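Model, not experiment: these values are computed from the prediction. Protein chains get the first letters and strands the later ones, always in sequence-line order, with residue 1 at the start of each.
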2 protein chains.
Amino acid sequence: MPLSYTEENYIKAIFKLSEKDDQPVNTNAIAKSIATTAASVTDMIKKLSEKGFVYYERYKGVTLSPEGKSVATQLIRNHRLWEVFLVNKLQFGWDQVHDLAEELEHIKSTDLINRLDTFLGNPKFDPHGDPIPNREGKFTLRNQTTLGTLLTDQTGILVGVREHTTPFLAYLNGLNINLGTELKIIERIQFDRSVKVQINGKEMSMFTEQVSQNLFVKLK
Amino acid sequence: MPLSYTEENYIKAIFKLSEKDDQPVNTNAIAKSIATTAASVTDMIKKLSEKGFVYYERYKGVTLSPEGKSVATQLIRNHRLWEVFLVNKLQFGWDQVHDLAEELEHIKSTDLINRLDTFLGNPKFDPHGDPIPNREGKFTLRNQTTLGTLLTDQTGILVGVREHTTPFLAYLNGLNINLGTELKIIERIQFDRSVKVQINGKEMSMFTEQVSQNLFVKLK
DNA sequence: ACGTAATTTTAGACTTATCTAAAAATAATT
DNA sequence: AATTATTTTTAGATAAGTCTAAAATTACGT
Ligand SMILES: [Mn+2]
Ligand SMILES: [Mn+2]
Ligand SMILES: [Mn+2]
Ligand SMILES: [Mn+2]
């Protein structure tokens with residue numbers, strides 16, 4: 001009884017929504033996250049519950065079972081390895097690969113994925129700096145410091161982005177900002193918490209708080 | 001109005017069944033080729049006809065329209081390029097890649113496929129020696145001579161296989177026969193049209209007619 | 001604690017793709 | 001030419017996934 005693409009997408013959505021707090025996930029949250037209606041979500045949750053991938057009590061939200069977590073982790077591994085392939089081997093930009101990986105992740109073959117992993121040199125992070133779980137489903141932890149928390153004169157090296165939307169990534173492209181780029185805080189504006197930043201020791205740029213909160217860095 | 005995987009598989013099946021004679025394809029033939037029932041085929045053909053991918057008259061069989069042919073060609077291009085990737089880059093055997101390519105071929109992105117083509121060095125043939133259509137859908141013609149037609153003492157270089165089944169390819173693996181392998185006819189047995197063959201100037205082997213008819217060669 | 005607002009679930013309908021069994025059309029035999 | 005056999009189509013059901021609209025439940029404000 002293999003899972004359909006649709007079932008897999010629901011399981012992944014539930015996983016991502018419960019990543020932070022580990023609390024039961026609301027019907028409406030799932031509906032918004034995969035652009036469908038609450039009614040459809042309820043239907044699907046019932047099915048996933050019967051199949052043992054989620055724990056569900058009506059009106060009380062839904063939680064992934066260990067089997068569900070395992071499915072989600074495998075999908076995330078697939079997704080991120082394909083993204084590495086698309087960027088490192090096929091020269092796609094990091095703002096162009098999400099939707100393709102969203103399809104490729106559903107090709108079910110652990111052999112394929114493990115060979116791809118080897119071919120890519122067992123990368124630990126995807127093109128957006130997100131950790132790639134290993135064969136056993138273990139994630140390497142990534143630095144969660146954001147540029148917004150750095151003090152004046154400190155330099156951060158970009159190790160990830162929280163936002164994965166094309167507009168945001170394309171905006172960073174326009175500033176020549178990639179993973180590994182050095183970002184030095186020149187000045188902090190108290191009024192709106194925006195920051196003046198020097199990029200790779202050269203150009204200056206202003207970041208709103210919304211931008212600096214979405215950039216994960218490690219201190220240089 | 002994108003095509004579903006199912007619709008695409010029907011179109012590809014019709015293309016393959018009309019490749020040789022270019023005659024209308026029978027309902028039963030399609031049903032057998034994709035392991036479904038004649039009733040399902042009739043339903044699908046009606047839909048494909050309404051969408052303009054096939055010409056159809058009831059009880060008279062079905063033919064692909066130019067749009068249908070274009071879809072089929074694109075799918076075959078995708079399929080064969082993915083097979084090259086799986087064999088050349090991920091080290092799969094030529095007997096292991098068909099089913100994976102059967103899924104990968106449906107990822108719809110000409111950008112992806114063209115980049116893959118470039119990455120692989122614009123191969124003209126897939127791991128089974130089948131021609132890969134170019135961006136415009138043009139096929140390179142492959143030598144159609146079979147080993148069965150060679151005379152005694154002639155040597156053929158394997159350029160393709162007609163059968164793509166795993167058992168047949170695994171059988172060739174066991175004899176160390178791949179594309180490029182030299183096959184010299186040592187003796188022809190009139191009685192059952194089997195042949196004694198020397199492989200790469202070394203081992204001898206007997207091939208039944210069924211085998212030698214499925215090996216495409218070019219004269220050395 | 002009571003009424004209102006928000007959330008969630010149910011009811012009923014629709015689409016795509018599939019199937020079995022029966023009817024209709026075409027092909028083959030005598 | 002009539003009968004039989006084969007192929008193809010239709011009729012009617014089923015399953016997965018989706019939707020809108022209405023009912024049920026929970027949460028919130030006073
Ligand atoms: Mn997906
Ligand atoms: Mn990513
Ligand atoms: Mn396919
Ligand atoms: Mn092939």
Side-chain angles (χ1 to χ4, degrees), chain A residues 1-14 17-18 21 23-64 67-68 71-72 75 102-103 105-108, chain B residues 1-15 17-18 21 23-64 68 71-72 75 102-103 105-108:
Chain A
M1 47 182 144
L3 291 162
S4 71
Y5 287 15
T6 312
E7 291 170 319
E8 290 186 340
N9 282 336
Y10 272 94
I11 289 173
K12 213 180 65 165
I14 295 166
L17 288 169
S18 54
D21 33 23
Q23 289 291 101
V25 180
N26 297 329
T27 304
N28 264 350
I30 299 170
K32 192 189 293 179
S33 117
I34 58 183
T36 186
T37 63
S40 301
V41 173
T42 300
D43 287 348
M44 180 57 83
I45 281 171
K46 278 193 207 154
K47 196 170 63 157
L48 291 177
S49 172
E50 304 229 323
K51 292 192 178 185
F53 294 100
V54 302
Y55 303 131
Y56 170 60
E57 240 184 303
R58 62 200 193 299
Y59 291 104
K60 294 286 171 61
V62 64
T63 321
L64 284 181
E67 294 76 33
V71 169
L75 284 167
E102 201 60 43
E103 294 194 55
E105 68 187 3
H106 300 287
I107 309 279
K108 270 171 283 295
Chain B
M1 43 181 148
L3 291 162
S4 70
Y5 286 16
T6 312
E7 291 170 319
E8 291 187 340
N9 283 336
Y10 272 93
I11 289 172
K12 213 180 63 165
I14 296 166
F15 182 89
L17 289 169
S18 52
D21 32 23
Q23 288 290 100
V25 180
N26 297 329
T27 304
N28 264 350
I30 299 170
K32 192 189 293 179
S33 117
I34 57 183
T36 186
T37 63
S40 301
V41 173
T42 301
D43 287 347
M44 180 57 85
I45 282 172
K46 279 193 208 153
K47 195 170 64 158
L48 292 176
S49 172
E50 304 229 323
K51 292 192 178 184
F53 294 100
V54 302
Y55 303 132
Y56 169 60
E57 238 184 307
R58 61 197 194 300
Y59 291 103
K60 296 284 171 64
V62 64
T63 321
L64 284 181
V71 168
L75 285 166
E102 202 59 44
E103 294 194 54
E105 69 187 2
H106 300 287
I107 309 279
K108 271 170 284 295

For a quick test of reading the model, state the closest non-hydrogen atom pair linking [X] to [Y] and the distance between them.
X       : Y       : answer
A/Pro2  : A/Glu7  : O-OE1, 4.3 Å
B/Ile11 : B/Gly68 : CG2-O, 3.4 Å
A/Ile34 : A/Ala13 : CG2-CB, 3.8 Å

>> Parallel, tilted or perpendicular: which one describes the rings of B/His106 and B/Tyr5, with boundaries at 30° and 60°?
In response: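 Judged by the thresholds at 30° and 60°, the geometry between B/His106 and B/Tyr5 is parallel.
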>> Mind checking if A/Lys46 touches a base, just sugar-phosphate, or nothing, with heavy atoms under 4.0 Å?
In response: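 Here A/Lys46 touches the backbone only, sparing every base.
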> So what does B/Tyr56 touch, heavy atoms closer than 4.0 Å: a base, only the sugar-phosphate, or nothing?
Replying inline: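 Sugar-phosphate, no base atom in range.
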Rounded to whole angstroms, how far apart are [atom1] on [X] and [atom2] on [N]?
X       : N      : atom1 : atom2 : value
B/Tyr5  : D/dA16 : OH    : C1'   : 17 Å
A/Lys60 : C/dA6  : NZ    : C1'   : 17 Å
A/Glu57 : C/dT9  : CD    : P     : 11 Å
B/Ile45 : C/dT16 : CD1   : C1'   : 17 Å
A/Lys32 : C/dT8  : NZ    : P     : 11 Å
A/Ile30 : C/dT9  : CD1   : P     : 9 Å
A/Asn28 : C/dT7  : CG    : C1'   : 6 Å

> Can you tell me if the side-chain N/O atoms of A/Thr42 get under 4.0 Å from OP1 or OP2 in C/dT10?
Replying inline: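 No, outside the criterion.
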> Taking only side-chain nitrogens and oxygens of B/Asn26, does any of them come within less than 4.0 Å of OP1 or OP2 of D/dT7?
Replying inline: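 No, B/Asn26 has no side-chain N/O under 4.0 Å of OP1/OP2 on D/dT7.
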> Picking from C/dT7, C/dT9, D/dT9, which would you name as closest to the side chain of B/Thr27?
Replying inline: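 For the B/Thr27 side chain, the nearest candidate turns out to be D/dT9.
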> Which residues satisfy the salt bridge (charged side-chain N to carboxylate O under 4.0 Å, His left out) test with B/Glu8, sequence neighbours excluded?
Replying inline: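 Per chain and number, B/Glu8 pairs via salt bridge (charged side-chain N to carboxylate O under 4.0 Å, His left out) with B/Lys108.
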>> Is it the case that over 12 heavy atoms from other parts of the model lie below 6.0 angstrom from the NZ atom of A/Lys32?
In response: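 Open: at most 12 neighbouring heavy atoms sit under 6.0 Å from NZ of A/Lys32.
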> How does each nucleotide of nucleotides 18-23 of chain D score, in 5' to 3' order, for protein heavy atoms under 4.0 Å: base (B), sugar-phosphate only (S), or none (-)?
Replying inline: BBB---
>> Would you compute the distance between atom CD1 of A/Ile30 and atom CG of A/Asn9 and round it to the nearest 0.5 angstrom?
In response: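 Answer for the CD1-CG pair, A/Ile30 versus A/Asn9, is 12.5 Å.
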